[in-house]
Amino acid sequence: MKENIKPTNTFEFDGRSVLYGKLGKGPALVIVHGTPWSSFNLRHLIKKLSQEYTVYYYDLLGYGYSSKALGDVSLGIQNRLLKALLEYWNLDNPFVIGHDFGGAIVLRTHLLNKQDFKKIVLIDPVAVSPWGSPFFKHVNKFEEAFAGVPDYIHESIIQAYVKTAIYKPLEEEVLNQTLSFWTKDGGKEAFYRQIAQADSKYTDEVQSLYHTIKVPVEIIWGKEDSWIPLEKGKELHKMIPNSIFHIIDDAGHLIIEEKPDELIEKILPFLQK
């Protein structure tokens, strides 16, 4: 886990602190994580891509090292945050990569906030409705009850939940670090808050606009993704004109941890051509 690159810079947004980092030299590239992940889970991509690019990364509101204070952490505010960060970093037209919810955030920022990107890479993105597991729907109805469960039960829930995102087991140290953001310092309440605020309406707002995307788009999918089936990726590929679609074998939804080297092999040629 020596690639762990903790974000240490602070950006104030909506009265809350967002932690971000910057690494490398070269053209600007922004990476956006999803749920229930953090920039920690992007560390392999950050380190390798920073050899060719200046990589900007951050923890979403309510995630990782960023503020977990009570408030809006939905997709409806996360694109506003990304737009504000790009202005703060003085980036007009960077490359961008989004995984899971990060893909939805990138698409919303591009289509709703009219943010230009040189090229867009989407990794198992939340992009095509309907989405949201039965667990999401249950938490949405009973958020307060879930947030009040004893810590040992919560830890079992989050561990079982995260394990369903992967095709092959994570190293114990990596799993523990991933879980730690949701078990300490308000993490339990924040975990159920972000699930309760997840809503397909935020992708419905942009789904009908995918056909207008003119920026080069690469879509990469883990073949064994049980959270967002491969068919959703193929459907998204058809919606975005001239997009490129890659499937990576023996990888689930958390492909950024499972197959980072194969991701880089797909991403770098796309960005550089």
Side-chain angles (χ1 to χ4, degrees), residues 3-14 17-34 37-61 63-66 75 77-125 127 206 212-220 240 242-244 246 255-256 260-261 263-273:
E3 300 92 351
N4 185 9
I5 302 169
K6 180 179 178 180
T8 56
N9 303 295
T10 301
F11 174 69
E12 294 297 326
F13 179 81
D14 194 38
S17 297
V18 172
L19 274 290
Y20 72 90
K22 175 183 172 183
L23 186 69
K25 294 182 179 180
L29 185 156
V30 179
I31 308 185
V32 188
H33 72 80
W37 323 114
S38 69
S39 60
F40 164 76
N41 300 108
L42 295 170
R43 66 197 181 284
H44 300 300
L45 298 188
I46 292 167
K47 186 166 185 181
K48 293 186 179 185
L49 290 168
S50 67
Q51 297 173 17
E52 304 285 342
Y53 298 87
T54 302
V55 179
Y56 295 79
Y57 56 98
Y58 67 102
D59 286 334
L60 302 177
L61 274 175
Y63 295 73
Y65 292 105
S66 291
L75 287 172
I77 198 170
Q78 301 291 357
N79 56 287
R80 288 177 44 216
L81 169 60
L82 177 54
K83 180 67 174 180
L85 278 169
L86 293 172
E87 292 174 355
Y88 178 72
W89 292 331
N90 197 29
L91 302 181
D92 294 327
N93 190 25
F95 294 98
V96 68
I97 298 173
H99 171 248
D100 181 78
F101 265 25
I105 293 165
V106 167
L107 289 168
R108 285 176 58 84
T109 306
H110 179 57
L111 293 168
L112 300 182
N113 300 103
K114 309 302 181 183
Q115 172 63 50
D116 290 331
F117 293 115
K118 280 190 176 70
K119 294 183 179 181
I120 296 172
V121 178
L122 302 172
I123 305 170
D124 293 74
V206 292
T212 68
I213 297 175
K214 295 181 173 59
V215 176
V217 175
E218 179 182 49
I219 303 166
I220 307 174
I240 301 178
N242 303 312
S243 58
I244 298 169
H246 296 291
I255 192 171
I256 54 176
D261 291 338
L263 276 177
I264 294 294
E265 288 174 4
K266 302 298 184 185
I267 291 171
L268 277 178
F270 172 72
L271 296 180
Q272 295 173 344
K273 70 180 179 181

Give a yes or no answer on whether the side chain of [X] reaches the backbone of [Y] with a donor-acceptor pair at less than 3.5 Å.
{"X": "T54", "Y": "G26", "value": "yes"}
{"X": "S66", "Y": "D59", "value": "yes"}
{"X": "H33", "Y": "L60", "value": "yes"}
{"X": "K119", "Y": "F270", "value": "yes"}

Going by side-chain contact (heavy atoms from CB on, under 4.5 Å), [X] matches just one of [options]. Which one?
{"X": "I31", "options": "V121, L45, V106, I123", "value": "L45"}
{"X": "I120", "options": "V215, I219, I97", "value": "V215"}
{"X": "I105", "options": "L75, D100, L81", "value": "L75"}

Only pairs under 3.5 Å count here: list side-chain donor-acceptor contacts from residues 86-94, not counting sequence neighbours, and write none if there are none.
| unit_1 | atom_1 | unit_2 | atom_2 | d |
| --- | --- | --- | --- | --- |
| N93 | OD1 | F117 | N | 3.2 |
| N93 | OD1 | K118 | N | 3.0 |

Could you state the interatomic distance from CG (L122) to OG (S243), rounded to the nearest 0.5 Å?
->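 It is 9.0 Å, given to the nearest 0.5 Å.
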Nearest heavy atoms of [X] and [Y], plus distance in Å:
{"X": "L268", "Y": "E52", "result": "CD2-CG, 4.4 Å"}
{"X": "K22", "Y": "Y57", "result": "N-CE2, 3.7 Å"}
{"X": "N41", "Y": "I256", "result": "O-CD1, 3.4 Å"}
{"X": "Q115", "Y": "H110", "result": "O-ND1, 2.7 Å"}
{"X": "G21", "Y": "P7", "result": "N-CB, 3.9 Å"}

Heavy-atom side-chain contact between F101 and V32 under 4.5 Å |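 Counting from C-beta outward, F101 and V32 never come under 4.5 Å.
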Go through the steps to decide whether L42 and V55 satisfy the test side-chain contact (heavy atoms from CB on, under 4.5 Å), and finish with yes or no.
-> CA-CA 11 Å; L42 295 170; V55 179; over 6 Å; no
Got more than 12 heavy atoms from elsewhere within 6.0 Å of NZ, K83?
->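 It does: K83 NZ has more than 12 such atoms within range.
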Is it the case that more than 12 heavy atoms not belonging to N9 sit under 6.0 Å from its CG atom?
->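 Yes, enclosed.
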Any idea how F95 and Y53 line up, ring-wise: parallel (<30°), tilted (30 to 60°), or perpendicular (>60°)?
->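 Plane angle over 60°, so perpendicular.
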